[in-house]
Amino acid sequence: MGIRLHNSATRAKEDFVPIDASNVRMYVCGPTVYDRAHIGNARPVVVFDTLYRLLRHVYGEAHVTYVRNFTDVDDKINATAQARKAAGDARPLEALIRERTEETIGWYHADMDALGALRPKIEPRATDYIGQMVAMIAGLIAGGHAYAKEGHVLFRVRSYAEYGRLSGRSVDDMIAGARVEVAPFKEDPMDFVLWKPSDADLPGWESPWGRGRPGWHIECSAMAHELLGAEFDIHGGGLDLQFPHHENEIAQSCCAGHGFARVWMHNEMLQVEGKKMSKSLGNFFTVRDLLEKGVPGEVIRIVFLGTHYGKPMDWTAEKAAQAEATLRKWRGLVAGIDPAPTPLPGVVAALSDDLNTAGALAECHAAAGRGDYAGLLASARVMGLLTEEMGEWARGVDLSGLAAKLSTLREAAKASKDFAPVDALKSALLAAGVEVRMSKDGVELMPGAGFDATKLEAL
RNA sequence: GGCGGGUUGGCGGAGAGGUUACGCAGCGGAUUGCAAAUCCGUGAAGGCGGGUUCGAUUCCCGCACCCGCCUCCA
C-alpha cells in the first residue's frame, strides 16, 4: 500500500506518487533565527521529521532529499544586533547579525535534536542565496510579473490569475477586508515586496535596484529552485504560513516558470492548556524551557504524535505526564530486546495514511499488549521513538541499594509484624516517583512518572 | 467583514455506512502485610435539526458553538 497525503492545494487526500522515486524531494519552511524556538515551532519539525522518516523507510534513506531553510534576514534579528551595537559592541552590524544567527541556529539544532528530529539533508541560510533571489526577481521583472519603484521591487499580484487558490481567497475579497498595507509605491494594495532598500543601519546587498535586502517570501522560492529543481514533491509548513507566505511563493515561482511543489502540507496550530499560546496569557514557553523543567524530548515528541498533524493540538501537562508513563512502560518492555527487522505493517499502514501518527501509536499499544516487543521497538523507531539516543532520561539510576534496604526492612517487619518502617521508606520512594514493586520473590524499584532523583538523596 | 478548520465516552484521541479503536482514569476480581505493578473481566460516546439509506457517529444540507488565518508569531 502506498502513501496517501492530504494535499492542501487540492483539499483532498491523494496517492503520493513521487516525481522521481530515486530522489523524493521535500521542502519545509524553517525558523526565523532570532530567538529560541517555542513549543509551537516544534510541531512542524516533528511532523515533517516523521514524514521524512516514513519516506526514507519507503524509498530508502539515500533517496529522499529534505531541505529546511533558516531565515536569517529579518527585522527582529536586525533589532537584536542594533541593540547590541547600541549597548557598546564595536563590531560591525553584519558581524553582530552573524553572531546572533549563529547562536540561534546552534540553539535550534540542540533543541530539535532533543526531540529526536533528524537534521534535514540541506539547511540553507537565506543570506547564502541572495544572488539566486536577485536573479529570480530580475526574471520576474523581465516577465512583467514584478516592477521596481523607489528602491523597492514588488510582485504584481494581478499578473498571476491563480493567486489565492491555495488559501481559498480571492484578491478582491482580501482587498475588501482592508487589512493590507497600503504604500504609495504599490500599483495594487495586494502587491507584496520582493526587494526593499536598506539604509546604513540595516544589512544590505548590492542589487540592480540599489543596496537592499530581500522580502520574506522570495527566499523559499529561490532556495527550493536552487536545491530541489523547478518542480519537487512536497512543500510543508505551519498552517499560518499558508497565507500569505505560501501563496506568494507559488505566485513567484509559477510566474518564474517553475512547476514548484506538487503536494502542499500544513500542520494545524498548537495551543497550550486550551488557549492560544501568547506571552500575554503567560502560557508561552520554549522547547528549552520544557527540557530544563525535566520534560524529556521524547515525551514532547510522543505528545505531538498523539494528535493528527491536521488538527489543532493542545499541549497540556496532563498529556506530558501520561506520555511519560507510556514511554517508561514501553522502554521497560523493550529493554534488552532487539528490534524486529521491519516495523509492524499496521504501523506503516497508519503512517502511510496521511501520517496517522495517533493510529500508529495505537498499533504500538496493541503490539505491547500482545507481547510483540520486537515489533513494538521497530515500529516506535520508525517514528523516532524508543531510540537509544533518546533514552537517557529513562535509563535507571542505580536503585539497588535502596531496594536492598527496603527488602531488609521488609523481612524484619514480617517477623516483627511492625510494618511502619517499611511503609515510611515506601512512602518516601513513592513521593520521589519511584515505582515500588514488592512480591513474594523480593523487592523491585523502578523510576516511575515524575521520578525525581534529588528526592532520593536524603534516603 | 472574508476564508479555512473543528465539535466523538470522565479526559485524551483514531478509524470505519452496519461488527471492541486505542491510551489514561473508573468499577469488579486475582495477587499483596497494606499498596504499587501485573493479569483477568467490565460500564461509558459521537453538538443540534433535517435529508439520503434497510441502517449514519461515519455521506448531504442547515443551525449553534469553538478555533485559526487575513497583522513577515510555525
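Lettering follows sequence order; numbering is per chain, from 1. Quick caveat, the model's predicted, so the values are computed rather than measured.
Per the geometry, CD belonging to Glu268(A) stands 12 Å off P belonging to A14(B), to the nearest Å. Atom OH of Tyr27(A) is separated from atom P of A74(B) by 14 Å (rounded to the nearest Å). Summarising the geometry, the separation between CG on Asp240(A) and P on C67(B) is reported as 18 Å, rounded to the nearest angstrom. As rounded to whole Å, 13 Å separates atom P of G13(B) from atom CZ of Phe304(A). The CG-C1' distance, from Leu241(A) to G4(B), rounds to 15 Å in whole Å. Lys426(A) places its NZ atom 8 Å from the P atom of A36(B), with the value rounded to the nearest Å. Ile77(A) has its CD1 atom 14 Å from the C1' atom of C73(B), to the nearest Å. One interatomic measurement links the two molecules: CH2 of Trp315(A) to C1' of C11(B), which rounds to 17 Å at whole-angstrom precision.
Across all strands, Leu239(A) comes closer than 4.0 Å to no nucleic acid atom at all (heavy-atom distances). Heavy atoms of Phe419(A) sit under 4.0 angstrom from at least one base atom. In this structure, Leu270(A) reaches the bases: a heavy-atom distance under 4.0 Å links it to at least one base atom across the strands shown. Using a 4.0 Å heavy-atom distance criterion, Arg43(A) is classed as making no nucleic acid contact. Residue His38(A) is classed as a base contact, given a heavy-atom separation below 4.0 Å to a base. Among the atoms of the strands shown, only primed sugar atoms or phosphate atoms (P, OP1, OP2) are found under 4.0 Å from some heavy atom of Gly168(A). Using a 4.0 Å heavy-atom criterion, one finds that Lys417(A) contacts no nucleic acid atom at all. Within 4.0 Å of Lys275(A), counting heavy atoms only, lies no atom of the nucleic acid at all. Among the atoms of the strands shown, base atoms are found under 4.0 Å from some heavy atom of Asn41(A). In this structure, Asp423(A) reaches the bases: a heavy-atom distance under 4.0 Å links it to at least one base atom across the strands shown. Across all strands, Glu363(A) comes closer than 4.0 Å to no nucleic acid atom at all (heavy-atom distances). Residue Val45(A) is classed as having no contact, given no heavy-atom separation below 4.0 Å to the nucleic acid.
Relative to the side chain of Asn356(A), the nucleotides G23(B), A14(B), A36(B) differ in distance, and A14(B) lies closest. For Asp75(A), the side-chain atoms get nearest to C72(B) when compared with the rest of G33(B), G2(B), C72(B). Closest to the side chain of Met438(A), from the set C34(B), C22(B), A74(B), is C34(B). With C72(B), C70(B), A74(B) as the candidates, the nucleotide lying closest to the side chain of Met269(A) is A74(B). When the nucleotides A14(B), C22(B), C24(B) are ranked by their closest atom to the side chain of Lys329(A), C24(B) comes out on top. Among C67(B), A74(B), C22(B), the nucleotide with an atom closest to any side-chain atom of Gln271(A) is C67(B). Out of C72(B), A74(B), G23(B), the shortest distance to the side chain of Trp216(A) is found at C72(B).
Judged as a salt bridge (Lys or Arg N to Asp or Glu O under 4.0 Å), the pairs with a partner in residues 29-53 of chain A (not counting sequence neighbours) are, in order, Asp35(A)-Arg100(A), Arg36(A)-Asp111(A), Asp49(A)-Arg53(A), Asp49(A)-Arg301(A).
Pairing analysis of RNA chain B (Watson-Crick: purine N1 to pyrimidine N3 plus N6-O4 or O6-N4; G-U wobble: N1-O2 and O6-N3; both under 3.5 Å) yields stems of 3 or more pairs at B:1-7 with B:64-70, B:10-12 with B:22-24, B:26-30 with B:38-42, B:47-51 with B:59-63.
Figure legend: cation-pi geometry between Lys149(A) and Phe185(A) absent, as NZ or CZ is not positioned both under 6.0 Å from the six-membered ring centre and within 45° of its axis. Both cation-pi conditions hold for Arg169(A) and Phe243(A): the charged atom is under 6.0 angstrom from the six-membered ring centre and inside a 45 degree cone around its axis.
For the P atoms, the distance from C48(B) to G10(B) is 13 Å, rounded to whole Å. Between A64(B) and G49(B), the two P atoms lie 15 Å apart (nearest whole Å). Taking atom P on both nucleotides, G12(B) is separated from G46(B) by 16 Å, rounded to a whole Å. Comparing the P positions of C27(B) and U20(B) gives a spacing of 25 Å, expressed to the nearest Å. For the P atom pair drawn from C54(B) and G47(B), the interatomic distance equals 24 Å after rounding to whole Å. Across the P atoms, U58(B) and G51(B) are found 14 Å apart, a figure rounded to whole Å. A74(B) sits 29 Å from C22(B) when the C1' atoms are compared, rounded to a whole Å. Separation of the P atoms belonging to G9(B) and U57(B) is 14 Å when rounded to the nearest angstrom.
Side-chain contact check for Ile302(A) versus Met383(A): every heavy-atom pair is 4.5 Å or farther apart. Looking at Tyr163(A) and Val157(A), their side chains come closer than 4.5 Å, going by heavy atoms from C-beta outward. Counting heavy atoms from C-beta on, the side chains of Trp205(A) and Arg211(A) never come closer than 4.5 Å. Looking at heavy atoms from C-beta onward, Pro31(A) lies out of side-chain contact with Thr71(A) at the 4.5 angstrom threshold. Residues Arg125(A) and Asn69(A) are not in side-chain contact: their nearest non-hydrogen atoms beyond the backbone lie 4.5 Å or more apart.
Taking only distance into account, the side chain of Lys76(A) never meets the base of C72(B) through a donor-acceptor pair shorter than 3.5 Å.
Close to G13(B), at under 4.0 Å from its OP1 or OP2, lies a side-chain N or O of Thr307(A). Between Lys276(A) and the phosphate of C69(B), there is a side-chain N or O to OP1/OP2 separation shorter than 4.0 Å. OP1 or OP2 of G13(B) lies within a sub-4.0 Å distance of a side-chain N or O belonging to Lys319(A).
Test Gln242(A), Glu247(A), Glu249(A) against His245(A) for side chain to side chain donor-acceptor pair (under 3.5 Å) and you get one pass: Glu249(A).
For Gly297(A) against Leu291(A), the heavy-atom pair with the smallest separation is N-CD2, 3.5 Å.
Comparing Glu318(A) and Gly369(A), the nucleotide of RNA chain B nearest to each residue sits closer to the 5' end for Glu318(A). Comparing Gly238(A) and Gln322(A) by the nucleotide of RNA chain B that holds the closest heavy atom to each, the one mapping nearer the 5' end is Gln322(A).
The number of heavy atoms from other shown groups lying within 6.0 Å of NZ (Lys414(A)) is above 12.
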